[in-house]
Q: 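Supplied in structure tokens, the structure appears directly below.
Start at 1 with the first residue, then count along the sequence. Quick caveat, the model's predicted, so the values are computed rather than measured.
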Amino acid sequence: STVYSTPPNYYCVSECVEGIYTIKNPQNSSCVSECPGDLYVLDGMCMSSCSGDKPYRDSTGVNCVSHCNANEFLVNDMYCTLTCPPSHPFEYVNGAVRKCIVNCDGLKRVETEKKCVDTCNRSSTYMYDIIINGKESCTESCAKHGQFVKEKGSYECVTSCSNKVLPPLNICVNICEYPYVYVDTD
């Protein structure tokens with residue numbers, strides 16, 4: 001049987017009571033009401049890191065958990081947080097996975113927001129695929145960037161049209177549609 005010392009009277013018990021955590025030391029183990037600042041609660045024990053089936057620190061920074069809550073983001077595959085920190089400013093959501101990441105490399109940046117996505121959401125404000133400063137992004141309007149919608153029904157921005165431009169969304173078309181008529185600008 002393991003011997004644990006419990007303040008203030010220091011008596012020996014075989015295990016700490018519920019709500020009290022065990023700190024194991026090579027010479028002596030203790031029962032404490034909360035783990036010291038550099039230790040985390042993992043299955044009733046104060047541990048130096050989270051591991052196994054509970055690899056993440058919760059948003060309080062105290063407990064080890066198997067996953068972050070639905071409204072939280074995972075940072076650096078280590079801890080959960082409600083908002084992304086300056087070191088990992090971009091939000092990335094893919095199904096149930098919500099992460100804070102350093103940049104949008106390999107993903108698309110949602111213009112004017114600190115969000116990265118796999119694909120631009122066609123039912124959101126930022127539905128058009130565009131290249132801004134050499135990076136794939138999502139924008140609300142191709143025209144806003146002096147670009148054109150590749151073709152009717154498309155969500156891809158292009159820098160020029162080979163035929164005609166249909167206002168007001170600057171859509172590249174082969175034939176002008178009513179109420180618009182073709183005007184030769186030459």
Side-chain angles (χ1 to χ4, degrees), residues 34-43 45-174:
E34 56 185 55
C35 295
D38 61 339
L39 299 178
Y40 311 102
V41 178
L42 176 62
D43 297 328
M45 307 278 287
C46 294
M47 306 295 283
S48 60
S49 64
C50 297
S51 62
D53 64 344
K54 295 181 180 175
Y56 314 122
R57 296 188 312 257
D58 70 359
S59 59
T60 66
V62 174
N63 299 297
C64 296
V65 294
S66 59
H67 60 277
C68 297
N69 291 326
N71 63 331
E72 296 176 333
F73 295 93
L74 180 61
V75 180
N76 219 19
D77 287 332
M78 292 177 56
Y79 65 94
C80 304
T81 183
L82 292 171
T83 58
C84 292
S87 63
H88 293 71
F90 294 96
E91 297 175 4
Y92 171 65
V93 178
N94 184 358
V97 177
R98 297 167 50 95
K99 291 185 174 188
C100 294
I101 56 179
V102 175
N103 57 49
C104 293
D105 287 354
L107 300 167
K108 295 181 181 197
R109 164 103 189 258
V110 177
E111 182 182 36
T112 73
E113 297 181 17
K114 293 237 179 221
K115 291 183 180 178
C116 305
V117 294
D118 292 308
T119 58
C120 300
N121 184 345
R122 303 302 180 223
S123 60
S124 79
T125 303
Y126 301 99
M127 66 179 82
Y128 295 100
D129 296 302
I130 190 169
I131 304 293
I132 301 175
N133 298 325
K135 302 275 187 182
E136 290 188 68
S137 300
C138 300
T139 186
E140 61 186 327
S141 165
C142 297
K144 176 179 169 183
H145 298 280
Q147 294 192 23
F148 308 91
V149 178
K150 184 176 181 178
E151 60 192 12
K152 194 168 184 179
S154 169
Y155 293 97
E156 182 182 347
C157 298
V158 293
T159 56
S160 64
C161 290
S162 58
N163 290 313
K164 300 163 187 65
V165 177
L166 181 66
L169 297 177
N170 283 3
I171 301 173
C172 299
V173 294
N174 291 325

Q: Ignoring hydrogens and geometry, is there a side-chain-to-backbone donor-acceptor pair from Ser141 to Lys144 under 3.5 Å?
A: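 Such a contact is found between Ser141 side chain and Lys144 backbone.
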Q: Do Leu82 and Asn71 touch side chain to side chain, with heavy atoms closer than 4.5 Å?
A: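 In short, these two side chains touch, coming nearer than 4.5 Å.
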Q: Taking all non-hydrogen atoms of both residues into account, name the closest pair between Tyr126 and Glu140 and its distance.
A: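 Smallest interatomic distance, heavy atoms only, reads CD2-N, 3.5 Å.
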Q: Rounded to the nearest 0.5 Å, what's the gap from CE on Met47 to OH on Tyr40? Could you check?
A: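 Going from CE on Met47 over to OH on Tyr40, the span is 12.5 Å.
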Q: Would you say that Thr139 contacts His145 through its side chain, given a criterion of any heavy-atom pair below 4.5 Å between the two side chains?
A: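 They are in side-chain contact.
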Q: Using a strict cut-off of less than 4.0 Å between a Lys/Arg side-chain nitrogen and an Asp/Glu carboxylate oxygen, indicate whether Asp129 and Lys150 qualify as a salt bridge.
A: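 No, this pair does not count.
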Q: Work out which heavy atom in Cys68 is nearest to a heavy atom in Phe73; give both atom names and the distance.
A: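 For Cys68 and Phe73, the tightest heavy-atom pair comes out as SG-O, 4.0 Å.
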Q: For the atom pair CD1 (Ile131) and CD (Glu156), what is the distance rounded to the nearest 0.5 Å?
A: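 Reported to 0.5 Å precision, the distance equals 8.5 Å.
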Q: I need the minimum non-hydrogen distance between Cys104 and Lys115, along with the two atoms involved.
A: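 It is SG-O, 4.0 Å.
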Q: Any donor-acceptor pair under 3.5 Å linking the side chain of Arg57 with the backbone of Cys64?
A: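 Here the side-chain-to-backbone pair does not exist.
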Q: Within this structure, what is the CG-OG distance for the pair Asp38 and Ser49, rounded to the nearest 0.5 Å?
A: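 Between Asp38 CG and Ser49 OG, I get 11.0 Å after rounding to 0.5 Å.
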Q: Side chain to side chain contact (heavy atoms under 4.5 Å, CB included) between Cys157 and Tyr128: does it pass, once the steps are laid out?
A: CA-CA 7 Å; Cys157 298; Tyr128 295 100; 3.8 Å; yes
Q: Check step by step if side chain to side chain contact (heavy atoms under 4.5 Å, CB included) holds for Cys100 and Leu74.
A: CA-CA 6 Å; Cys100 294; Leu74 180 61; over 6 Å; no
Q: Is any side-chain heavy atom of Cys84 closer than 4.5 Å to a side-chain heavy atom of Glu91?
A: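 Contact flag for Cys84/Glu91 side chains = yes.
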Q: Determine whether Tyr92 and Leu107 make a side-chain contact, defined as any pair of heavy atoms from C-beta on separated by less than 4.5 Å.
A: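 In short, these two side chains touch, coming nearer than 4.5 Å.
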Q: Quick one: does any side-chain atom of Asn103 pair with a main-chain N or O of Asp105 as donor and acceptor, under 3.5 Å?
A: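 Pair found, side chain donor or acceptor close to backbone of Asp105.
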Q: Please report the shortest heavy-atom distance between Pro85 and Val75, naming the atom on each side.
A: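 Minimum heavy-atom contact is CD-CG2, 4.0 Å.
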Q: Ion pair present between Lys108 and Asp118, side-chain N to carboxylate O less than 4.0 angstrom?
A: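 Not counted as a salt bridge, because no side-chain N and carboxylate O are separated by less than 4.0 Å.
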Q: Can a donor-acceptor pair be found between the side chains of Thr159 and Gln147 at a distance below 3.5 Å?
A: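 Side chains of Thr159 and Gln147: no pair found under 3.5 Å.
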Q: Please report the closest heavy-atom contact between Gly95 and Val93, naming both atoms and the distance.
A: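 The answer is O-CG1, 3.7 Å.
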Q: What are the two closest heavy atoms between Ser66 and Pro55, and how far apart are they?
A: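 Closest pair (atom of Ser66, atom of Pro55, distance): CA-CD, 4.1 Å.
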Q: Take Ile132 and Arg109, measure what side chain to side chain contact (heavy atoms under 4.5 Å, CB included) needs, and give me the verdict at the end.
A: CA-CA 9 Å; Ile132 301 175; Arg109 164 103 189 258; over 6 Å; no
Q: Might you confirm whether atom CD of Glu113 has over 12 heavy atoms from other residues, nucleotides or ligands at distances under 6.0 Å?
A: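 Yes, the 6.0 Å shell around CD holds more than 12 heavy atoms from other groups.
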Q: For the pair Asp58 (side chain) and Val62 (backbone), establish whether a donor and an acceptor sit closer than 3.5 Å, ignoring hydrogens and angles.
A: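 Present.
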Q: Show your working on side chain to side chain contact (heavy atoms under 4.5 Å, CB included) between His88 and Val102 and close with a plain yes or no.
A: CA-CA 4 Å; His88 293 71; Val102 175; 3.6 Å; yes
Q: I want to check something: taking the side chain as every heavy atom from C-beta on, are Lys54 and Asp43 in contact at a cut-off of under 4.5 Å?
A: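 Yes, their side chains come closer than 4.5 Å.
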Q: With heavy-atom distances below 4.5 Å as the criterion, would you say the side chains of Cys138 and Val117 are in contact?
A: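 Yes, their side chains come closer than 4.5 Å.
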Q: Drop me the distance from Asn170's CG to Cys161's SG, to the nearest 0.5 angstrom.
A: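 Reported to 0.5 Å precision, the distance equals 7.5 Å.
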Q: Please lay out, stage by stage, how Glu111 and Ser137 fare under the test side-chain hydrogen bond (donor to acceptor under 3.5 Å, both in side chains).
A: CA-CA 6 Å; Glu111 182 182 36; Ser137 300; over 6 Å; no
Q: Counting the benzene-type ring for Trp, do Tyr56 and Tyr79 have ring centres under 6.0 Å apart?
A: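 Tyr56 vs Tyr79: aromatic centres not under 6.0 Å.
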Q: Taking the side chain as everything from C-beta on, heavy atoms only, tell me whether Cys80 gets closer than 4.5 Å to Asn69.
A: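 No, too far: nothing below the 4.5 Å cut-off.
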Q: Any side-chain to backbone donor/acceptor pair from Asn121 onto Ser123? Under 3.5 Å, distance only.
A: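 Side chain of Asn121 to backbone of Ser123: a pair is present.
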Q: May I ask you to test the Val41-Glu34 pair for a side-chain heavy-atom distance under 4.5 Å?
A: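 Counting from C-beta outward, Val41 and Glu34 never come under 4.5 Å.
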